[in-house]
Chemist: 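Dropping a structure here in structure tokens format, bear with me for questions.
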Amino acid sequence: MKRHLLSAADLDRDDALLVLDTATELATVSSRAVRKLPTLRGRTVVNLFFEDSTRTRISFEAAAKRLSADVINFTAKGSSLSKGESLKDTALTLEAMGADAVVVRHGASGAPYRLANAGWISGSVVNAGDGTHEHPTQALLDAYTMRRHLSEGRGDLADRRVTIVGDVLHSRVARSNVLLLATLGAEVTLVAPPTLLPVGVEDWPCEISYELDPALAKADAVMMLRVQAERMNAAFFPSAREYSRRYGLDAHRMALLPDHAIVMHPGPMNRGMEIAADVADSVRSVIVEQVSNGVNVRMAVLYLLLGGAQLPTGEEVAA
Amino acid sequence: MPASQHAFAATGNDEQSTPGDRTVLDAGEIGRALTRLSHEILERNKGAGDVVLLGIPTRGVYLARRLAERIATIEDEAVPVGSLDVTMYRDDLRTRPARALLPTEIPDTGVEGRTVVLVDDVLYSGRTIRAALDALSELGRPRAVQLAVLVDRGHRELPIRADFVGKNLPTATSERVLVLLAEHDGRDGVVISDRGGDA
Amino acid sequence: MTGTYLLRGGRLLGAGDPVDLLLAGGVIAQVGAALSAPADAVHVDAAGLVVLPGLVDLHTHLREPGREDAETVESGSRAAALGGFTAVHAMANTEPVADTAGVVEQVWHLGREAGYVDVHPVGAVTVGLAGTRLAELGAMAGSAARVRMFSDDGRCVDDAVLMRRALEYVKAFDGVIAQHAQEPRLTAGAQMNEGALSGVLGLRGWPAVAEEAIVARDVLLAEHVGSRLHVCHVSTAGSVEIVRAAKARGVDVTAEVTPHHLLLTEDVVAGYDPVFKVNPPLRAKSDVEALREGLADGTIDAVATDHAPHAAEDKDCEWEAAAMGMLGLETALPVVAEAMVATGLLDWAGVADRMSVRPAGIGRLAGHGRPIAEGEPANLTLVDPHASTVVDPSRSASRSRNTPYAGRTLPTAVVATFLRGVPTVLGGRLVADAR
């Protein structure tokens, strides 16, 4: 029994479908005049952000507020890595405030595991992105978006083909997506230069390709990952231009996609680097919709973690 | 889906009757009760003109559809029918693991200025109806809200009463009332079980 | 409190018939069956116990001077005695760094004052561990501390020229360079063993090749200049292979392995608990197997604890912010018993060789690692091979609590330790005033 959402691996197929189905129902709330539900009245959700990510924080904040939770935004301007207040002391402060859930974004992989398992706090922990590890709610909103476009908004993603392109090595979005998409039955292909794929990726539940074009023709969805130009300084690739030429999605490459295929990006985009501006703005792009779906999915997660009786503290399973 | 195996434990509201239960309404009686309720709704509202039927999932939705069919037959006029899930408005959410949401489908006519008839299978504490009134108020402002239930088993905890009742059924709190409908349960019937629990 | 002790009925190196040992005047006065003892002799029942030469650790961090909140020479000495050690080598990465005769003498004096074990300071190879110019190795060798082992441990002497010069220079006083083999550019920001798990956990990988490249270079350098090289905490199968091949060629290289690299694998990192964060990182199962095999066949000469105490706040945090290292002195023997003895890879004579005889030889310690025979210094450890030890961090003699074995039950228990005929530990407890 898990009280936290730390990894996409925490969700089995039934759990994942429950989140998606709940988000589908909650989407009707988002489209009506009164967008608020009383469900989490009296409960406190803390957004604990050690890294700047305005879009993710706002998304969680909107989700919690639509469920009538009290929201506290706690932006720590530096972790213990940069001699600020330690994660532990911050956690103890939040516990004293009576946080029922802590939504945490942290630059260090695994920091949400420490929050959940070190005994510092008693509430639920939601991983809103940790280092180069995972970002499970992003994967859920991506799956939700794919399901809307590719599976009529119902059921799983069996046999849907998803191509994820870019800096897999440093991408928490890619890790969570590979895990969740495999759980939902999709066939995932990762495309990246060998330097931007982690050691051991051949054991992941997906295919690997160093070439983009062959992976496009059969894709139902293609997800472009953000690639930071600074990576070339560490010799992951020779130049931004070469990267863009080999792995960027431009209009010419987009034409290789089947007619029904959608183009996704978790944001923020580097226009002209991994994705051309006309592709980002094309009718196939669902990038803006991903953002609005994010609120519904995060409402579903918060409702399912906090909406019922508090589950007994017990053995927490690490991914 | 056993709660202990999932990150989120959602419980449905499936119920099953077991041998030894006492049947208090059979299929024929349910049918006649619904026909009577249809007439009462039309009579009270002087026709079906601005009526919207909203069933409360799960079985309230099937009952609302059956009422709509009967009204259409009687009046030769279609009545808008939909569903209203009240889960997010319940005051007892914290007593159980988080529940899966059920569909809310509001007819295109909306509820603004209409007479909304809420339809549920069993009226008991009144808390579900309280939640339904809250949910409804955020969808718009009906001209009037009425309540139709197949069974009123008493034991109200809130000042709520039904406008249309299929059958008043005196029960003990230790008893459990199960409404079975063909669409969901394979057969029609109302049974009382003396295994405790809420309904 | 020198005195006379009669150890009755122990088995030397766990073999042969039970014998009595009479300890007097700091040496083993008599060895034999049913010895009669002077009236004032203290009798110690050693029936069923294994008698080992006092254990010698080549690699201990005592943190003093500088981080006395984490450990002091005294607290670390107590932990060592409880672990069955009679001599430890104190690493140089203190604050200030042990890179002058003054600092090594200070540590040596603190060890004498504590009196639980012989504390032999390790001198830094380069000034301030900065890896740019040699520390005054000769002055440290000639000091009261008589330093013979030099190491920048915690950092690698990665400059090939500097490493060559150090290897050559210490030949003048029979010194040894103990290298922390870690290519720094390949391990910038590294958090755990590089492999499938690091990819899944999103922790920056620490490739085996970063260790092996330095080990390979250093054995070639040692071979070229004809010097003595010691490789600290070997952690990969590849390093074992390189050392094995070098030894076969006759290179004067020795190597150590830590208890934790003999027992734990990288899998424990999955929960991100920093108590498992260590340098070098915990490796794969195949590495653990190769290390055990290497220790069993003598490719790896010694078990060395790399006892690395850290204050609570340096471990009670997120993984990437946490300090690297784990406690080791008190659990070393039980861990070796589980990894090597219980598996049949080493007998107790083998344990004595890898944890006392060979480390004493590498450190050039005259009075340790000697045979258990009449006239030899009475540095002895009594082990109950049938007992077990439940690791309770709160009961550690260390000032720190960062043991990776908390709650774990390990085989065997150290019952008594004698330093030059004086018990530092009896009945599994520290003797109040060993001096």
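The structure displayed is predicted, hence computed values, not measured ones. Chain identifiers are assigned alphabetically (A, B, ...) following the order of the sequence lines, protein sequences preceding nucleic acid strands; residue numbering begins at 1 within each chain.
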Chemist: What's the spacing between Arg114(A) CZ and Glu320(C) CD if we round to 0.5 Å?
Modeler: 13.0 Å
Chemist: Considering non-hydrogen atoms only, spot the tightest contact between Ser109(A) and Gly202(C) and give its length.
Modeler: OG-O, 2.6 Å
Chemist: Is atom CD of Glu202(A) surrounded by more than 12 heavy atoms (other residues, nucleotides or ligands) closer than 6.0 Å?
Modeler: yes
Chemist: Between Glu318(C) (side chain) and Gly110(A) (backbone), is there a donor-acceptor pair under 3.5 Å?
Modeler: no
Chemist: Quick one: which of Thr132(A), Val201(A), Val178(A) has the most heavy-atom pairs under 4.5 Å with chain C, could you say?
Modeler: Thr132(A)
Chemist: Is it the backbone or the side chain of Ala111(A) that comes under 4.5 Å from a heavy atom of chain C, or both, or neither?
Modeler: both
Chemist: Counting only heavy atoms not in Arg204(C), do more than 12 fall under 6.0 Å of its CZ?
Modeler: no
Chemist: Testing the basics here: between Pro198(A) and Gly199(C), what is the closest heavy-atom pair and its distance to 0.1 Å?
Modeler: CB-CA, 3.9 Å
Chemist: Would you call the rings of Tyr113(A) and Tyr272(C) parallel, tilted or perpendicular, taking 30° and 60° as the class edges?
Modeler: tilted
Chemist: How far apart are the closest heavy atoms of Val199(A) and Glu194(C), and which atoms are they?
Modeler: CG2-OE2, 3.3 Å
